[in-house]
Amino acid sequence: MCQQTQVVTVIPYWERWITRFPTVASLAQAPEQEVLQYWAGLGYYQRARNLHRAAMWFAKVGFPTSYAEWLQVPGVGDYTAGAIASICFNQPTPAVDGNVRRVYARLNAQASASGARTWAAGVMDAQCPGTWNQALMELGARICKPRNPDCKNCPVEKFCSGKSSPEKYPTPTPQRASILIERYVALCRREGKWAMRQAQPGEWGEGLWEFPSKESPWDGEVVGVVRHTITHHRITLKVQMADVDTRVWQAALDIPHLPMGSAHRRIAQNFLGG
DNA sequence: TATACGTGGAG
DNA sequence: TCTCCAAGTAT
């Protein structure tokens, strides 16, 4: 077995993305499959679809200028709308991210962060809402960190009700039990092409390409195992060389350019060599 | 209000 | 190698 050494220039995701989609219009005009292709590997594929829909929205009606309008944009929720409205349009809307929720819970010794938005609206500096919101978020990111918070350098330590045991707030949500999933993946090559399929709506990775798989083994040699986790699902993919009955085939040279999730991408990289 | 979503890095 | 963790939106 001999290993080939090759020099690979890794182009960052953002650079590939911004080169292909330098403007809102270019993103709006792209087919969704291509948007997914450039997003592939990052996860949260619904975000890519929402970003694409948002671009089409902007191309059609322009950028919103208020919190309420931004909330209508696909993929934009309370935090993003509040951040944009306050930072770009000087509107006194809270921008409550995970950092701000943690600052709220500790400052007020609250087990739950559900009151964070009401609190943030109340302490808002209406003269400089964007700067205020960014300061709150930075306080959480740099001082009031999830672990080892730097209380001695905290500008509001003397007001803090949770300072004696900051890591108790907010109470962590109990972790879910893992669900173990085992599937058998078939690699089937005919005339230089590989059997593949696109994940359907309702399946994981909708619209992404993958190799055929099922819960029971195929008739073929197991050549490897790939492990993968999606939230609390621990997935073991056993890779087999097997014959499958399919009508969809992809040329080996095209596979690196298809939108694929990381597990099947790893399978393609590790097992399609021959 | 609780849960699903995908991945990579830290330990 | 394994386990744990992260942040925001949609539903």
Side-chain angles (χ1 to χ4, degrees), chain A residues 10 12-14 17 35-54 57 64 67-68 70-87 93-105 110-118 120 133-134 136-142 144-149 167 170-183 199-210 213 224-237 258-270:
Chain A
V10 178
Y13 278 105
W14 64 265
W17 178 276
V35 176
L36 282 175
Q37 175 195 323
Y38 278 78
W39 191 272
L42 292 177
Y44 287 101
Y45 298 98
Q46 196 59 42
R47 285 184 175 174
R49 274 185 280 271
N50 280 336
L51 188 57
H52 187 216
R53 288 166 57 205
W57 206 93
Y67 168 79
W70 272 100
L71 264 187
Q72 306 302 312
V73 176
V76 173
D78 184 64
Y79 160 72
T80 306
I84 294 173
S86 62
I87 295 168
T93 50
V96 180
D97 69 353
N99 293 306
V100 175
R101 279 193 294 276
R102 187 171 56 255
V103 169
Y104 158 79
Q110 294 293 309
S112 162
S114 60
R117 192 173 197 284
T118 302
N133 283 337
Q134 289 176 80
L136 266 188
M137 292 188 278
E138 288 301 291
L139 179 62
R142 295 172 183 273
C144 198
K145 297 174 292 183
R147 276 162 304 211
N148 305 315
E167 300 196 40
T171 305
T173 53
Q175 64 184 25
R176 300 176 60 81
S178 289
I179 296 175
L180 303 181
I181 296 174
E182 188 175 72
R183 290 188 70 84
Q200 299 300 300
E203 296 180 328
W204 275 320
E206 175 185 338
L208 302 184
W209 288 88
E210 61 185 26
S213 69
V225 173
V226 166
R227 291 184 177 80
H228 178 235
T229 302
I230 298 177
T231 59
H232 58 293
H233 305 271
R234 284 162 42 184
I235 305 161
T236 301
L237 299 176
L258 296 175
M260 297 173 71
S262 86
H264 283 260
R265 194 159 37 81
R266 269 151 50 211
I267 290 174
Q269 288 169 349
N270 294 338

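Residue numbering restarts at 1 for every chain, and letters A, B, ... go by the order of the sequence lines.
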Residue-phosphate contact under 4.0 Å: [X] side-chain N/O, [N] OP1/OP2:
{"X": "A:Arg101", "N": "C:dG8", "answer": "yes"}
{"X": "A:Arg147", "N": "B:dA10", "answer": "no"}
{"X": "A:Arg47", "N": "B:dG6", "answer": "no"}

Atom-pair distance ([atom1] on [X]; [atom2] on [N]), nearest Å:
{"X": "A:Ile235", "N": "B:dA4", "atom1": "CD1", "atom2": "C1'", "value": "13 Å"}
{"X": "A:Leu51", "N": "C:dG8", "atom1": "CG", "atom2": "C1'", "value": "14 Å"}
{"X": "A:Arg266", "N": "C:dT1", "atom1": "CZ", "atom2": "P", "value": "11 Å"}
{"X": "A:Arg227", "N": "B:dG8", "atom1": "CZ", "atom2": "C1'", "value": "17 Å"}
{"X": "A:His264", "N": "B:dG6", "atom1": "NE2", "atom2": "P", "value": "13 Å"}
{"X": "A:Leu71", "N": "C:dG8", "atom1": "CG", "atom2": "C1'", "value": "13 Å"}
{"X": "A:Asn148", "N": "C:dA6", "atom1": "CG", "atom2": "C1'", "value": "16 Å"}
{"X": "A:Asn50", "N": "B:dC5", "atom1": "CG", "atom2": "P", "value": "15 Å"}

Given [options], the nucleotide with the shortest approach to the side chain of [X]:
{"X": "A:Tyr79", "options": "B:dA4, C:dG8, B:dC5", "answer": "C:dG8"}
{"X": "A:Thr231", "options": "C:dT9, B:dC5, C:dT3", "answer": "B:dC5"}
{"X": "A:Arg234", "options": "C:dT3, C:dG8, B:dG6", "answer": "C:dT3"}
{"X": "A:Arg265", "options": "B:dG6, C:dT9, B:dG8", "answer": "B:dG8"}
{"X": "A:Pro146", "options": "C:dG8, C:dA6, B:dG8", "answer": "C:dA6"}
{"X": "A:Trp204", "options": "B:dA4, B:dC5, C:dG8", "answer": "B:dC5"}
{"X": "A:Tyr45", "options": "C:dC5, B:dG6, C:dT9", "answer": "B:dG6"}
{"X": "A:Gln175", "options": "B:dG8, C:dC5, C:dG8", "answer": "C:dC5"}

Review point. For A:Gln46 and A:Ser114, take the nucleotide of DNA chain B holding the closest heavy atom to each; which residue's nucleotide lies nearer the 5' end?
Key: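 Counting from the 5' end, the first nearest nucleotide belongs to A:Ser114.
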Check your understanding: Side-chain contact, heavy-atom cut-off 4.5 Å: A:Arg47 with A:Asn50?
Key ->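 The answer is no, as the side chains (C-beta and beyond) never meet within the 4.5 Å cut-off.
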Practice item. Please name the pair of heavy atoms, one in A:Asn99 and one in A:Gly140, separated by the smallest distance, quoted to 0.1 Å. Key: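 That would be OD1-C, 3.6 Å.
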Any base atoms under 4.0 Å from [X], or only sugar-phosphate, or nothing? Heavy atoms, all strands.
{"X": "A:Thr80", "value": "sugar-phosphate"}
{"X": "A:Arg49", "value": "nothing"}
{"X": "A:Pro172", "value": "nothing"}

Check your understanding: Is there a side-chain contact (heavy atoms from CB on, under 4.5 Å) between A:Val35 and A:Arg49 once you walk through the steps?
Key -> CA-CA 8 Å; A:Val35 176; A:Arg49 274 185 280 271; over 6 Å; no
Check your understanding: Do any N or O atoms from the side chain of A:Tyr13 and from the backbone of A:Tyr38 form a donor-acceptor pair under 3.5 angstrom?
Key -> no
Review point. Expressed in whole Å, how much space separates the P atoms belonging to B:dG6 and C:dT11?
Key: 13 Å
Review point. So A:Glu210 and A:Leu208, side-chain contact (heavy atoms from CB on, under 4.5 Å) or not? Walk me through it.
Key: CA-CA 7 Å; A:Glu210 61 185 26; A:Leu208 302 184; over 6 Å; no
Point to revise | Counterpart residues, salt bridge (Lys or Arg N to Asp or Glu O under 4.0 Å), relative to A:Asp97 (two or more places apart) | key: none
